[in-house]
There are 2 protein chains.
Amino acid sequence: MCKSTDPKRALFAELATVARALGHEHRVELLEHLAQGERSVEALARLTGLSMANASQHLQQLRRAGLLEARRDGKFVLYRLADDGIVQLMSVLRQTAERNIATVGALLARYFDGRDGLEPIGRADLVERAQAGLVTVIDVRPREEFDLGHVPGAVSIPLEELDARLEELDPAAEIIAYCRGAYCLLAVEAVVRLRAKGFSARRMEDGMPEWRAAGLPVVAG
Amino acid sequence: MCKSTDPKRALFAELATVARALGHEHRVELLEHLAQGERSVEALARLTGLSMANASQHLQQLRRAGLLEARRDGKFVLYRLADDGIVQLMSVLRQTAERNIATVGALLARYFDGRDGLEPIGRADLVERAQAGLVTVIDVRPREEFDLGHVPGAVSIPLEELDARLEELDPAAEIIAYCRGAYCLLAVEAVVRLRAKGFSARRMEDGMPEWRAAGLPVVAG
DNA sequence: ACATCATTCAAGCGATAACTTGAACGTATA
DNA sequence: TATACGTTCAAGTTATCGCTTGAATGATGT
């Protein structure tokens, strides 16, 4: 009667295939890094602590699911997200996990609320205040990620250099730190340190991938 | 230096747990049915063709991931989505799959474009034309799903009854059919049959879960 | 109390996934 | 051409998943 059974099942299977690709801790971490821009297998293996072979296999799995694309550049193979919408998928997945998993809520409470009492500043707010010269925006990611794209007007101060470069910062202005995204704690760490030195500091909501996904301007190089 | 490694990994693991719960064809299908409203294990097993024990295990897996909740009603255990946001998660997952998986595109082309040349009508459009009395809206899902909630003014004509009830339909009005969602082909089948009988018919975009998620009014009973 | 029915649990089997190791492939440099 | 290095492939081990079967649990009705 209804001929939909077969193709419907096939579609469910495709959805499941994409979901299964997201269903491993290491692949989520790889995607989180790739949300910053394209990376070589070696760089990803180093960032995640995986063996090359293992990272390569996970990356191929993600590519088979259509989430990643790869291109060759010299002796390197560079992977990148196949689509900007994948950032949105990760974001919705994160929201669901936040709402549904008690342990996530507990972790957030412990690592954000406990260490970073102030609310993060929204992106729209930030643009406004930056134009008014009220805030100094710092990018605390490694410099290579800064070079691949950053918030206009932001200063690159990787977390490692923060303590040594405090004199560059204006003690009168509020300092806004950002990093890779909602679950990247580099900016939280920066805020904690800056406050300990007497600065007024907050972190930006989310991070670079969400900024990019929101269609806001990005400066590279 | 950065103490984020441990909790960050834990968060990635939580995201992966939620994603893994979506990573099986049968669980996607169960969620698709549960997007219509709460269902007993027996009903879900019947709808999906799974054994009771198997369906039960998949449902428990979804519940452990925080996607479902269960309550007891007499001798039945009724499962429901833990959160309306899960519909959104499924929707984004579907969008990603559509963009990324060639086979999904091919399936859609074959089963939608091939059989249903006209574009589906949007929800806003539908509301407007229904108020103007220009269209007849029919709900081709099984009656039990209609009873749990349907578009205001819609007539329940399960697909099985369609051929027998053609005289109820106004040949002058355009007929809009809808069912469970983007991947439910009941409405497509209805449109094909109605056109074969000379009616002017289209399907509504998506289906009941998305209608509900869009905040549009729903009538029950 | 007993029978009934929906659901869950427990055990067992086959299949798949994750990780490691070592070798093979491709590209750049000496 | 030979070497080095990034990447991928292939094989093997361990662990987990999916499904079935049969028994156990929990609520209902006779």
Side-chain angles (χ1 to χ4, degrees), chain A residues 9-10 12-34 37-80 144, chain B residues 9-10 12-34 37-80 144:
Chain A
R9 290 277 155 77
F12 290 150
E14 293 296 344
L15 295 196
T17 298
V18 174
R20 192 160 42 238
L22 295 172
H24 193 282
E25 181 182 350
H26 292 160
R27 288 195 289 272
V28 173
E29 189 171 4
L30 288 168
L31 286 172
E32 194 84 2
H33 282 113
L34 285 165
E38 64 180 1
R39 294 288 147 84
S40 68
V41 179
E42 180 274 335
L44 290 165
R46 185 167 31 80
L47 288 166
T48 57
L50 298 176
S51 70
M52 292 272 299
N54 199 6
S56 176
Q57 285 183 102
H58 282 298
L59 289 167
Q60 285 174 67
Q61 216 163 326
L62 287 165
R63 193 177 45 152
R64 257 180 265 125
L67 297 176
L68 296 184
E69 290 173 353
R71 72 184 178 90
R72 183 134 210 155
D73 180 30
K75 63 203 311 185
F76 294 88
V77 172
L78 300 178
Y79 282 87
R80 63 177 180 282
E144 55 177 358
Chain B
R9 289 278 155 75
F12 290 150
E14 294 295 343
L15 296 195
T17 298
V18 173
R20 199 177 311 115
L22 294 172
H24 194 282
E25 180 182 349
H26 292 160
R27 290 196 288 273
V28 173
E29 188 171 5
L30 288 167
L31 286 173
E32 194 83 2
H33 282 113
L34 284 164
E38 64 180 2
R39 295 288 148 82
S40 68
V41 179
E42 180 274 336
L44 290 166
R46 185 164 34 78
L47 288 166
T48 57
L50 298 176
S51 71
M52 290 274 297
N54 199 5
S56 176
Q57 286 185 100
H58 281 300
L59 290 167
Q60 285 174 66
Q61 217 162 327
L62 287 165
R63 192 175 46 146
R64 258 180 265 127
L67 297 175
L68 296 183
E69 290 173 353
R71 72 182 179 91
R72 182 135 211 155
D73 180 30
K75 60 205 310 186
F76 295 88
V77 172
L78 300 178
Y79 281 87
R80 64 178 178 282
E144 56 177 357

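Every chain is numbered from 1, with letters handed out A, B, ... down the list of sequences.
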Subject >> Span of DNA chain D, from the first to the last nucleotide whose atoms fall under 4.0 Å of chain A heavy atoms >> reply: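 So the outermost contacting nucleotides come out as D:dC5 to D:dC9.
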
Original post:
Distance from B:R9 atom CZ to A:T48 atom OG1, nearest 0.5 Å?
Top reply: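 Here the interatomic distance stands at 7.0 Å.
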
**OP:** Let me know the distance between CD of B:Q60 and P of C:dT8, rounded to the nearest Å.
**Re:**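 In whole Å, C:dT8 P and B:Q60 CD are 5 Å from each other.
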
Subject >> Verdict with reasoning, A:L22 to B:L22, per side-chain contact (heavy atoms from CB on, under 4.5 Å) >> reply: CA-CA 9 Å; A:L22 295 172; B:L22 294 172; over 6 Å; no

Subject >> Set of side chain to side chain contact (heavy atoms under 4.5 Å, CB included) partners for A:A13, sequence neighbours left out >> reply: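 If we apply the side chain to side chain contact (heavy atoms under 4.5 Å, CB included) test to A:A13, skipping adjacent residues, the hits are B:E25.
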
Original post:
Looking at A:A55 and A:L30, what are the two nearest heavy atoms and their distance?
Top reply: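 Smallest interatomic distance, heavy atoms only, reads O-CD1, 4.5 Å.
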
Original post:
Which residues satisfy the side chain to side chain donor-acceptor pair (under 3.5 Å) test with B:Q60, sequence neighbours excluded?
Top reply: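 For B:Q60 the side chain to side chain donor-acceptor pair (under 3.5 Å) partners, ignoring immediate neighbours, are B:S56.
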
Subject >> Residues that A:H33 engages under ring pair (Phe, Tyr, Trp, His ring centres under 6.0 Å), provided they are two or more places apart >> reply: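 Result, ring pair (Phe, Tyr, Trp, His ring centres under 6.0 Å) vs A:H33: none returned.
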
Original post:
By a strict heavy-atom criterion of less than 4.0 Å, which residues belonging to residues 69-79 of chain A are in contact with DNA chain D?
Top reply: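 Going residue by residue through residues 69-79 of chain A, the ones with a heavy atom under 4.0 Å of DNA chain D turn out to be A:K75, A:F76, A:V77, A:Y79.
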
So which protein N/O to nucleotides 15-19 of chain C N/O distances come out below 3.5 Å?
unit_1, atom_1, unit_2, atom_2, d
C:dA18, OP1, A:R27, NH1, 3.1
C:dA18, OP1, A:R27, NH2, 3.1
C:dA18, OP2, A:Q61, OE1, 3.3
C:dA18, OP2, A:Q61, NE2, 3.1
C:dC19, OP1, A:H26, ND1, 3.3
C:dC19, OP2, A:N54, OD1, 3.3
C:dC19, OP2, A:N54, ND2, 3.4
C:dC19, OP2, A:H58, NE2, 2.5
C:dC19, O5', A:N54, ND2, 3.2

**OP:** Please name all residues satisfying salt bridge (charged side-chain N to carboxylate O under 4.0 Å, His left out) with A:E69, sequence neighbours left out, ordered by chain then number.
**Re:**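 Applying salt bridge (charged side-chain N to carboxylate O under 4.0 Å, His left out) to A:E69 gives A:R80.
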
Subject >> All side chain to side chain donor-acceptor pair (under 3.5 Å) counterparts of A:R72, not counting sequence neighbours >> reply: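 If we apply the side chain to side chain donor-acceptor pair (under 3.5 Å) test to A:R72, skipping adjacent residues, there are no hits.
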
Just distance, no hydrogens or angles: give the donor-acceptor pairs under 3.5 Å from side chains in residues 39-46 of chain B, sequence neighbours left out.
unit_1, atom_1, unit_2, atom_2, d
B:S40, OG, B:A43, N, 3.1
B:E42, OE2, B:R46, NE, 3.2

Original post:
Dot-bracket for DNA chain C, 5' to 3', with Watson-Crick and G-U pairs under 3.5 Å, [ ] for crossing pairs and | for other-strand pairs: what is it?
Top reply: ||||||||||||||||||||||||||||||

Original post:
Which is it for A:L34 and A:L59 under the side-chain contact (heavy atoms from CB on, under 4.5 Å) test, yes or no, and what are the steps along the way?
Top reply: CA-CA 10 Å; A:L34 285 165; A:L59 289 167; 4.0 Å; yes

Subject >> Set of residues satisfying side chain to side chain contact (heavy atoms under 4.5 Å, CB included) with respect to A:Q61, sequence neighbours excluded >> reply: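 Partners of A:Q61 under the side chain to side chain contact (heavy atoms under 4.5 Å, CB included) test: A:R27, A:H58, A:R64.
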
Subject >> Sequence-distant partners of A:R63, salt bridge (charged side-chain N to carboxylate O under 4.0 Å, His left out), two or more places apart >> reply: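 Listed in chain order: nothing, the list is empty.
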
